[in-house]
Amino acid sequence: MSVPARRDRARRRIVARLSADGARSIGYAAILALLVVSYWLCASQRSTDPNPIAFLLILVTVAVVFRVTDTRAFVQHIAWAVLSVAGLATIVATLLGAEGHTLDVVLSAASMVALLIAPAVIIGHQATRRGLNLEALLAAITAYVLVGLFFAFVLNLLSQLSATPTFDATDGDSLANQVFFSFTTLTTTGYGNLVPVSTGAQTVAVSEAITGQFFLITAVARIMRGATGPTTARDALRTPKETP
């Protein structure tokens, strides 16, 4: 194949790649927008009861994650079917005014599972990619926020299943405080206004602090690895010398 032909084929590959990267960046921006709304709904909850609307948004977020990461079609179909059933059941229960401890436990556990799957899918997808771009940065931020929400619902589920208070504060047991504590622990900020009192909550706090540090290390490694890869069209267009 001649050099011009190879360059033309390389250009077509670059255009397709840039188009796909741009679409994924928009997808991650949409996921972040959904997470901001979900976070606000959870942070406004002054009881330990999970918010059904936030749960529906989390389900939509997971569905978008599967789409953005180009997960295999049959996996997407199975995931969408499960998410649709869960979402429909939540809508029906909300319209019928269903409430109670069992429903709260189910919503909390389902949110926790969904928030565990989503960052795992994102990290798995990004681990196979090279190049530092907007998509990589948005993916890292998205996964980080998802991990923070995941640990918030781990604490929430513990509070649903245990009679022991989660924190030593008077108004400690609320989803709002659990979300706040989760993100301050994930970032190892630790304001000290909320202190976990049960062994389970303390174990979650330690696990989350370690996860936060490990996540930052791997994210920096991902960025550095991407920075050493071909990130410009000029680099990607370089072709081997034509053999005689």
Side-chain angles (χ1 to χ4, degrees), residues 31-63 82-119 142 144-209 211-212:
I31 293 171
L32 279 174
L34 289 169
L35 288 176
V36 168
V37 179
S38 299
Y39 174 89
W40 179 80
L41 289 172
C42 293
S44 302
Q45 199 77 4
R46 293 300 169 182
S47 67
T48 57
D49 302 340
N51 190 308
I53 298 177
F55 175 64
L56 291 175
L57 287 176
I58 289 171
L59 293 181
V60 174
T61 301
V62 176
V82 173
L83 295 174
S84 297
V85 171
L88 182 61
T90 303
I91 293 172
V92 172
T94 303
L95 292 176
L96 294 178
E99 57 183 16
H101 182 66
T102 302
L103 180 61
D104 293 338
V105 171
V106 171
L107 286 177
S108 182
S111 299
M112 185 184 71
V113 172
L115 289 166
L116 175 63
I117 293 173
T142 300
Y144 198 65
V145 175
L146 284 165
V147 169
L149 287 174
F150 162 74
F151 278 104
F153 276 96
V154 173
L155 290 170
N156 184 259
L157 183 60
L158 283 176
S159 69
Q160 299 286 348
L161 298 176
S162 175
T164 305
T166 305
F167 306 111
D168 62 351
T170 304
D171 61 341
D173 281 341
S174 69
L175 183 56
N177 283 344
Q178 289 159 0
V179 170
F180 175 79
F181 177 80
S182 176
F183 279 95
T184 56
T185 304
L186 183 67
T187 58
T188 64
T189 303
Y191 290 108
N193 58 327
L194 295 172
V195 179
V197 294
S198 67
T199 302
Q202 291 171 355
T203 303
V204 172
V206 172
S207 301
E208 184 171 11
T211 301

Item checked: side chain to side chain donor-acceptor pair (under 3.5 Å) partners of T185, counting only residues at least two apart ->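 Side chain to side chain donor-acceptor pair (under 3.5 Å) check on T185 returns nothing, list empty.
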Notebook entry, point to check: Who passes side chain to side chain donor-acceptor pair (under 3.5 Å) against S111, sequence neighbours left out?
Noted result: none
Check whether any side-chain heavy atom of [X] sits under 4.5 Å from a side-chain heavy atom of [Y], and report yes or no.
X: L186; Y: Y144; result: yes
X: F183; Y: V145; result: yes
X: S47; Y: L175; result: no
X: N177; Y: R46; result: yes

Is it the case that [X] and [Y] place a side-chain donor and acceptor less than 3.5 Å from each other?
X: S174; Y: Q45; answer: no
X: T166; Y: D173; answer: yes
X: N156; Y: S108; answer: yes

Inter-residue atom distance [X].[atom1] - [Y].[atom2], 0.5 Å rounding:
X: L88; Y: L59; atom1: CG; atom2: CG; value: 11.5 Å
X: L57; Y: I53; atom1: CG; atom2: CD1; value: 7.5 Å
X: F167; Y: S159; atom1: CZ; atom2: OG; value: 8.5 Å
X: L32; Y: S38; atom1: CG; atom2: OG; value: 11.0 Å
X: L155; Y: Q160; atom1: CG; atom2: CD; value: 12.0 Å
X: L115; Y: L146; atom1: CG; atom2: CG; value: 6.0 Å

Note to self: With side chain to side chain contact (heavy atoms under 4.5 Å, CB included) as the criterion, how do V204 and L158 come out once you've worked through the C-alpha distance, each side chain's angles and the decisive distance to 0.1 Å?
What the structure shows: CA-CA 10 Å; V204 172; L158 283 176; 3.6 Å; yes
Please report the closest heavy-atom contact between [X] and [Y], naming both atoms and the distance.
X: T184; Y: T187; result: O-OG1, 3.4 Å
X: I58; Y: A114; result: CG2-CB, 3.9 Å
X: T164; Y: V197; result: CG2-CG2, 4.4 Å
X: S182; Y: G148; result: OG-O, 2.5 Å
X: P52; Y: L107; result: CG-CD1, 4.4 Å

Notebook entry, point to check: Does E208 use its side chain to pair, donor to acceptor, with the backbone of F151 at less than 3.5 Å?
Noted result: no
Check: Just by modelled atom types, is the A86 backbone N or O under 3.5 Å from a matching donor or acceptor in the T90 side chain?
Finding: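 Answer holds: yes.
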Next item on the list: Would you check, one step at a time, whether the test side chain to side chain contact (heavy atoms under 4.5 Å, CB included) holds for L56 with V60?
Entry: CA-CA 6 Å; L56 291 175; V60 174; 5.6 Å; no
Note to self: Restricting to ring pair (Phe, Tyr, Trp, His ring centres under 6.0 Å), what partner residues turn up for F150, sequence neighbours left out?
What the structure shows: none
Margin query: Over 60° means perpendicular and under 30° means parallel, so tell me whether Y191 and F180 are parallel, tilted or perpendicular.
Written below: parallel
